[in-house]
Amino acid sequence: MFAHYLDLAWRSLKATPLATSLMALAIAIGIGVTMVSLSVYHMMSADPIPSKSSKLYAVQLQVMDEGQTYHSADDIPFQLTFLDAKNLYQTLNIDKKVVMFKSGFAVHVNNPEVSPMLQTTRLITREFFAMFELNFLYGGVWSQSQADNAAPVTVIDETIAQKLFGRSDVVGESIYLAQRRYQVVGVTKEWQPNVKMYDLNNGAFADAERIFIPFSHAAAYEIDTWGNTNGWKREEINNFTDKMNSEMLWTQFWVELENDKEQQALATQLDNYIQTQQDLGRFNRKTREFSLRNVTEWLEYNNVVSEDNKVMIGLSFMFLAVCLANIIGLLLAKFLKRAPDVGVRRALGASKTQVFYQHLVEVALLGFMGGVIGIVFAQLGLWGIRKTSHVYESLATMDVSMLLAAPSIAIVTCILAGLYPAWIVCKTSPATYLKVQ
Amino acid sequence: MLVMNNIGKVYQTDMVQTHALRDFNLQVNEGEFIAVTGPSGSGKTTFLNIAGMLEGYSSGQYMLDGIDVGKLNDNQRADLRNQKIGFIFQGFNLIPDLNLYENVEVPLRYRGVKAAERKRRIENCLEQVGLAGRAKHLPQQLSGGQQQRVAIARALAGEPRFLLADEPTGNLDSLMARQVMELLEQINRDGATIVMVTHDPELARRTPRNIQIVDGQVADFTLYQGKGAASQALKSQVGA
Ligand SMILES: Nc1ncnc2c1ncn2[C@@H]1O[C@H](COP(=O)(O)OP(=O)(O)OP(=O)(O)O)[C@@H](O)[C@H]1O
Ligand SMILES: [Mg+2]
């Protein structure tokens with residue numbers, strides 16, 4: 001019977017092409033707008049690393065003096081000082097920990113045909129790749145002794161390799177970061193999490209870095225950050241060494257913990273660390289505060305998906321509702337015009353349910369059409385958003401689930417809109433239309 | 001199979017109350033073929049609609065096959081109608097968007113008849129009313145008489161046990177009317193019970209039982225033989 005209803009629905013829609021296209025268009029516009037905001041929201045709020053989002057923890061320390069406030073929910077700074085990051089990395093008794101910050105260089109190779117390019121670079125410790133699940137295509141991470149000796153080694157991703165060498169198997173090749181020559185020891189697969197969870201402070205949706213060098217280079221070659229540095233106290237900084245020893249905040253520290261026990265153990269160590277620092281005259285708050293937040297909590301805590309995004313979704317659904325309110329009237333008129341036929345069908349054995357069902361199939365088909373056109377509108381809208389800002393490049397896209405959601409939402413909302421007209425038409429007494437000659 | 005006791009039907013429109021049927025009593029037995037006559041506006045169509053459960057009634061009791069129709073809900077009535085009742089409407093009431101074949105198919109679909117069986121029955125019925133060659137035509141491409149015949153084919157295709165026909169020959173010439181009448185007599189012989197409203201006295205004479213509805217009430221003439229008696233009874237009933 002469904003196929004039959006579909007056939008009837010198709011004919012009915014075809015019979016009134018103008019009304020049908022108007023209604024489909026109204027739905028399509030509503031769906032288009034809704035899908036644009038939903039897609040952006042969906043990409044923003046998607047788990048960037050599902051297999052580990054409950055295992056990777058950002059470490060925060062309350063380094064500021066009593067009375068100092070910070071623009072985080074619990075007043076603890078988002079970043080760490082270079083000093084604390086270095087200390088924690090050296091002293092914490094835990095395997096999977098990484099300290100890092102963002103920097104950048106003019107990158108070039110010994111080939112005049114390849115023009116130099118400015119590239120962000122991340123200074124990291126070796127654990128980064130395994131912890132954040134980057135995959136190596138060729139080679140691997142540098143050795144611990146290379147890191148300790150600040151050997152000029154680097155890991156780049158395949159796209160940089162392609163740009164510089166026109167191929168990706170470039171282990172052993174040299175690249176120049178500023179004036180320093182680096183040897184490529186590993187090439188990773190391109191990696192771009194939808195949210196740059198490991199460094200939200202420098203653009204939650206910014207591009208991930210594609211060049212990685214050892215964290216030890218910071219001190220060895222005085223490599224400064226390209227990210228935000230947050231100061232909270234008056235300090236005299238005359239050179240990079242001053243900055244490295246200062247209370248300025250510019251590094252990120254992550255750990256990977258398997259279970260609550262490991263978390264407890266780490267908490268104790270962090271507490272002890274603060275205590276030892278207190279003995280040295282730092283961390284002079286009354287209470288020792290620190291925080292461990294896993295990726296999910298971290299994104300929430302950093303308001304990656306802001307209230308504005310949620311309001312946008314609400315507004316777009318309201319807009320969809322307005323579009324649907326318009327089609328309710330059109331549907332009602334259309335269905336009532338057909339009431340005599342419904343009377344005949346009822347007289348010939350159709351139940352109210354069957355008549356109701358027939359009309360719902362028709363609105364569902366209409367919704368499907370509107371939904372499909374709506375996808376086209378949404379793609380246009382997303383394309384427009386991508387054009388406005390580089391930041392939205394990877395966010396303003398529709399993945400498969402959103403592509404499937406569009407017609408589903410359209411169908412469901414259309415059925416909602418069609419309920420009343422369908423009920424009206426199936427409720428009318430069949431005899432009313434049969435008497436007139 | 002049909003028993004109506006003191007059925008009343010009141011239409012309330014604005015200020016006017018119309019008693020379309022009042023104290024309407026009738027019994028129709030299985031296998032009967034009844035012609036219903038009566039002046040225009042006397043309540044014939046109203047009676048058929050109530051008999052076919054397309055309309056409710058204001059008072060009285062209606063039993064169909066021993067079932068009290070008043071106690072059924074809408075879906076149960078639809079079921080019963082679907083299984084037992086066929087209609088030929090006064091105004092053909094074909095569905096304009098469907099071609100002849102599909103129009104005839106409508107009751108069969110709701111009855112859940114399989115596609116192959118539907119095809120067999122539809123072709124057979126269109127054949128019987130002489131429209132086999134026009135299965136793909138739309139109703140508006142046909143004359144009134146042809147449309148009437150499609151409506152008849154549609155009623156026949158459902159092979160109803162109880163056929164309610166409202167002037168099935170109203171738009172047909174006398175030859176065609178006789179053919180339709182023969183068709184109805186045929187299915188009556190095959191077991192269908194038929195109630196047919198007609199203005200044609202010749203057709204009415206062919207049926208074993210005639211009833212006349214006057215002013216929403218029944219005058220059953222099977223008891224009287226011959227026209228004289230009938231008209232006398234009518235006169236006494238209307239108080240002339
Ligand atoms: N839906 C309605 N609302 C109000 N009055 C109605 C309605 N249907 C019928 N009537 C009235 O009820 C009475 C009986 O109507 P009905 O259609 O049964 O007559 P009929 O015998 O079939 O007439 P005809 O031979 O002209 O078809 C008429 O007076 C008519 O005006
Ligand atoms: Mg009538």
Side-chain angles (χ1 to χ4, degrees), chain A residues 1-20 331 333-363 365-366 422-437, chain B residues 9 11 20 40-41 44-46 48-50 52-56 73-99 102-113 115 118 139 144 151 154-155 157-158 160 164 166-167 170-171:
Chain A
M1 214 60 181
F2 177 72
H4 178 55
Y5 288 152
L6 213 54
D7 178 45
L8 290 178
W10 175 239
R11 291 189 202 197
S12 159
L13 292 176
K14 238 175 24 182
T16 54
L18 186 67
T20 302
L331 281 176
K334 187 181 160 98
F335 286 179
L336 282 180
K337 224 170 110 191
R338 206 165 49 198
D341 299 355
V342 171
V344 175
R345 286 181 180 278
R346 298 266 284 126
L348 296 178
S351 65
K352 269 185 189 172
T353 321
Q354 285 170 315
V355 168
F356 191 64
Y357 186 32
Q358 181 196 333
H359 286 83
L360 286 192
V361 170
E362 182 168 338
V363 292
L365 180 63
L366 185 69
W423 180 68
I424 288 288
V425 75
C426 84
K427 177 179 83 109
T428 48
S429 159
T432 316
Y433 301 100
L434 296 175
K435 268 191 199 157
V436 279
Q437 177 119 29
Chain B
K9 175 74 185 178
Y11 288 111
S40 182
K44 303 182 296 292
T45 300
T46 305
L48 285 191
N49 280 344
I50 291 174
M53 294 173 289
L54 294 177
E55 259 181 296
N73 68 27
D74 195 82
N75 277 336
Q76 289 168 322
R77 280 200 290 271
D79 262 1
L80 203 58
R81 186 159 59 230
N82 185 298
Q83 288 157 20
K84 298 190 173 162
I85 297 176
F87 275 102
I88 302 171
F89 307 105
Q90 193 166 7
F92 349 127
N93 287 301
L94 300 177
I95 297 174
D97 303 336
L98 304 182
N99 65 30
E102 291 159 340
N103 260 290
V104 178
E105 197 176 26
V106 171
L108 302 182
R109 286 231 183 228
Y110 289 119
R111 205 164 296 194
V113 178
R118 287 205 300 265
R154 181 172 65 185
L164 301 167
D166 205 346
E167 298 203 36
N171 293 280

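Throughout, a chain's letter reflects where its sequence line sits, starting with A, and its residues are numbered from 1. These values consider heavy atoms only, across backbone and side chains, with no hydrogens, waters or symmetry-generated copies.
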Honestly, the part of R111(B) sitting under 4.5 Å from a heavy atom of chain A is neither
Under 4.5 Å between any side-chain heavy atoms of S12(A) and D97(B), yes or no?
-> no
Given I85(B), D79(B), L98(B), the one with more heavy-atom pairs under 4.5 angstrom with chain A than any other is L98(B)
Among S351(A), S429(A), A347(A), the residue with the most heavy-atom pairs under 4.5 Å to chain B is A347(A)
Whatever's closer than 4.5 Å to a heavy atom in chain A on E102(B) counts as side chain
Applying a strict 4.5 Å limit to non-hydrogen atoms, the region of A350(A) in contact with chain B is both
- Flag the pair Y5(A) / E362(A) as yes when at least one side-chain heavy-atom distance between them is below 4.5 Å, and no otherwise. no
| Test item: I88(B) and D166(B) side chains (from C-beta on) under 4.5 Å apart, heavy atoms | no
Under 4.5 Å to a heavy atom of chain B? For R11(A) that would be side chain
| said: Under 3.5 Å, is there a donor on one side chain and an acceptor on the other for Y11(B) and E55(B)? | reply: yes
K334(A)-T16(A) side chain donor-acceptor pair, cut-off 3.5 Å:
yes
So, the part of L80(B) with a heavy atom under 4.5 Å from chain A: the answer is neither
Next on the checklist: Looking at R118(B) and V113(B), would you say the former's side chain and the latter's main chain have a donor-acceptor pair under 3.5 Å?
Outcome noted: yes
Cut-off 4.5 Å, heavy atoms of chain A, and the answer for R154(B) is side chain
